[in-house]
Visitor: 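I have a structure here, written as structure tokens, and I will follow up with some questions on it.
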There are 2 protein chains.
Amino acid sequence: MPASERGPRERMVFSAAQLIRREGVGATGMREVAAHARAPRGSLQHYFPGGKEQLVNEAVEWAGRYARGRVARFVAALPEPTPSGLFAAMVRQWTDEYAAEGFAGGCPVAAATVDCAESAASTREAVSAAFTTWTGAVAEALTEMGVPGERSGPLATVMISALEGAILIARAERDVRALTAVTEELGPLLDAAVSRRS
Amino acid sequence: MPASERGPRERMVFSAAQLIRREGVGATGMREVAAHARAPRGSLQHYFPGGKEQLVNEAVEWAGRYARGRVARFVAALPEPTPSGLFAAMVRQWTDEYAAEGFAGGCPVAAATVDCAESAASTREAVSAAFTTWTGAVAEALTEMGVPGERSGPLATVMISALEGAILIARAERDVRALTAVTEELGPLLDAAVSRRS
DNA sequence: CACCCGCTATGACAGCGGTCATAGTAGCCG
DNA sequence: CGGCTACTATGACCGCTGTCATAGCGGGTG
């Protein structure tokens, strides 16, 4: 949470993700990113000679790694590891944020998809990679919980799809209703997929 | 599908939705909309004195009505009305489009959410309304199929959430994998919700 | 005919965007 | 000291955007 005092480069990537998820890629300016990161404007072209596209790509990659890390931490924190528990934790991260800070932000990966999927090929690939690492982490966790290998992948995709969609609806309605709906409705389905072999 | 020869006003709203769902709201220009609709530029300020915001709002409202209409047609076309059948039809609309025309476009409502939820209050409300009418249509259909009234709402939200998320992933990966995953995994859950009383 | 009204046509404006060019600083190395 | 490298600092450029202002058309109506 604290804008950990790392190098200015990382701060800019972090700030970019932060701004993108609020306003979208198009409405996020380079100067704005530098200002938000309290980084000198001249450093932009030094660290990101590839321009805005490179910065956006790195922000997306950062988000992918961040999501993977969160999944690992959620799994570790579960008293009893169940698929529904993991999903509930993933969703709760968003309900907590919306309760605490308002409905200002969405998922930066979703924003990059909407704004760049058709216009910037490299960004589209970065987004795809981010979804892959995220889904991979969830699928691995599911397998560890006893979900058959051939179902953990699709189920992970369902979880992330439902989460992303619910985030959209929640932001639009300024209400976490959609988020709670997906947790409650999907929980039993997810737990039913573990092949009990105890 | 044919850009039905209605008035220039409707054509512009339609074109706006079309462009927004491809490039996002920020990257869609007013001049571009007029050109795409083969409408005179001067008509923009005549029909949309509220400026771009009004145009975007109407595009979103149009998309909401369109989605509701599609749901009704899907239900009517089902040989045997089941929740999974409706969901499969909703998803198939996207797999068909992606197979036929490539992964160029997403959902305009999602794009408007990402780009305007924080910056334009009226657009956020338009998006919310669009989700409401869409969800309402689906929920009503579910109830008609025998889903208990108190579950049809949340289930409709789950369906639309999963669909929206899967659209994002499919566009990013240029692969309908995510779309097929949600249909197959969610189908049984949906059908299990009908309270058999035959 | 005059008059008005819906619609169209352009040109201008002010602002902001990303990017380039150029010059400057700070510190380490030899 | 000179020189090199990493980073910072600005200012300018050009293209594009949404919006406004103004003027023109075309056809109904009285």
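Below, read A as the first sequence line, B as the second, and so on, with proteins coming before strands; counting in each chain starts at 1. Worth saying up front: this structure is predicted, and the values here are computed from it rather than measured.
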Visitor: Using atom CD of A:Glu23 as one end and atom C1' of C:dG17 as the other, report the distance to the nearest whole Å.
Guide: 15 Å

Visitor: Need to verify one output field. Residue with the more 5' nearest nucleotide on DNA chain C, A:Val25 or B:Gly42?
Guide: B:Gly42

Visitor: Quick one, A:Gln18 and A:Arg21 - any side-chain contact, counting heavy atoms below 4.5 Å?
Guide: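 Sidechains of A:Arg21 and A:Gln18: in contact.
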
Visitor: From the set C:dC7, D:dT19, D:dT10, return the single nucleotide nearest to any side-chain atom of A:Gln45.
Guide: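 Shortest atom-to-atom distance from the side chain points to D:dT10.
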
Visitor: Of the listed nucleotides (D:dT8, D:dT17, C:dG17), which one gets closest to any side-chain atom of B:Lys52?
Guide: D:dT17

Visitor: Expressed in angstrom and rounded to an integer, what is the separation of B:Leu44 atom CG from D:dG18 atom P?
Guide: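 One finds 9 Å between P of D:dG18 and CG of B:Leu44, rounded.
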
Visitor: So, B:Glu58 and B:Gln54: side-chain donor and acceptor under 3.5 Å apart, yes or no?
Guide: yes

Visitor: Can you tell me how far P of C:dG6 sits from CZ of B:Phe48, to the nearest Å?
Guide: 17 Å

Visitor: Would you mind reading off the distance between B:Gln54 atom CD and D:dT19 atom C1', rounded to a whole angstrom?
Guide: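 So the two atoms are 14 Å apart, to the nearest Å.
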
Visitor: Taking only the side-chain heavy atoms of A:Tyr47 (C-beta and beyond), determine which of C:dC7, D:dG18, D:dT8 contains the nearest atom.
Guide: D:dT8

Visitor: Salt-bridge test for A:Glu118 and A:Arg124: reply yes if a basic N is under 4.0 Å from a carboxylate O, no otherwise.
Guide: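 Salt bridge flag = no for A:Arg124 with A:Glu118.
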
Visitor: Looking at B:Ser15 and B:Met12, would you say the former's side chain and the latter's main chain have a donor-acceptor pair under 3.5 Å?
Guide: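 Answer holds: no.
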
Visitor: Whole Å only: how far is the CG atom of A:Leu55 from the P atom of C:dG18?
Guide: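 The distance from CG of A:Leu55 to P of C:dG18 comes to 10 Å, rounded to the nearest Å.
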
Visitor: Go through the steps to decide whether A:Ile169 and A:Arg177 satisfy the test side-chain contact (heavy atoms from CB on, under 4.5 Å), and finish with yes or no.
Guide: CA-CA 9 Å; A:Ile169 299 178; A:Arg177 183 189 63 80; 4.0 Å; yes

Visitor: Determine whether any donor atom in the side chain of A:Arg41 lies under 3.5 Å from an acceptor atom in the base of D:dG11, or the reverse, and answer yes or no.
Guide: yes

Visitor: Nearest to the A:Arg31 side chain among C:dT8, D:dA12, D:dG18, which nucleotide is it?
Guide: D:dA12

Visitor: Using whole Å, report how far NE2 of B:His46 lies from P of D:dA21.
Guide: 17 Å

Visitor: Specify the separation, in whole Å, of atom CG of A:Asp115 and atom C1' of C:dG17.
Guide: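 Rounded to whole Å, this separation is 15 Å.
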
Visitor: Could you state the CD-C1' distance from B:Glu53 to D:dT19, rounded to the nearest angstrom?
Guide: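 Computing the B:Glu53:CD to D:dT19:C1' distance gives 14 Å.
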
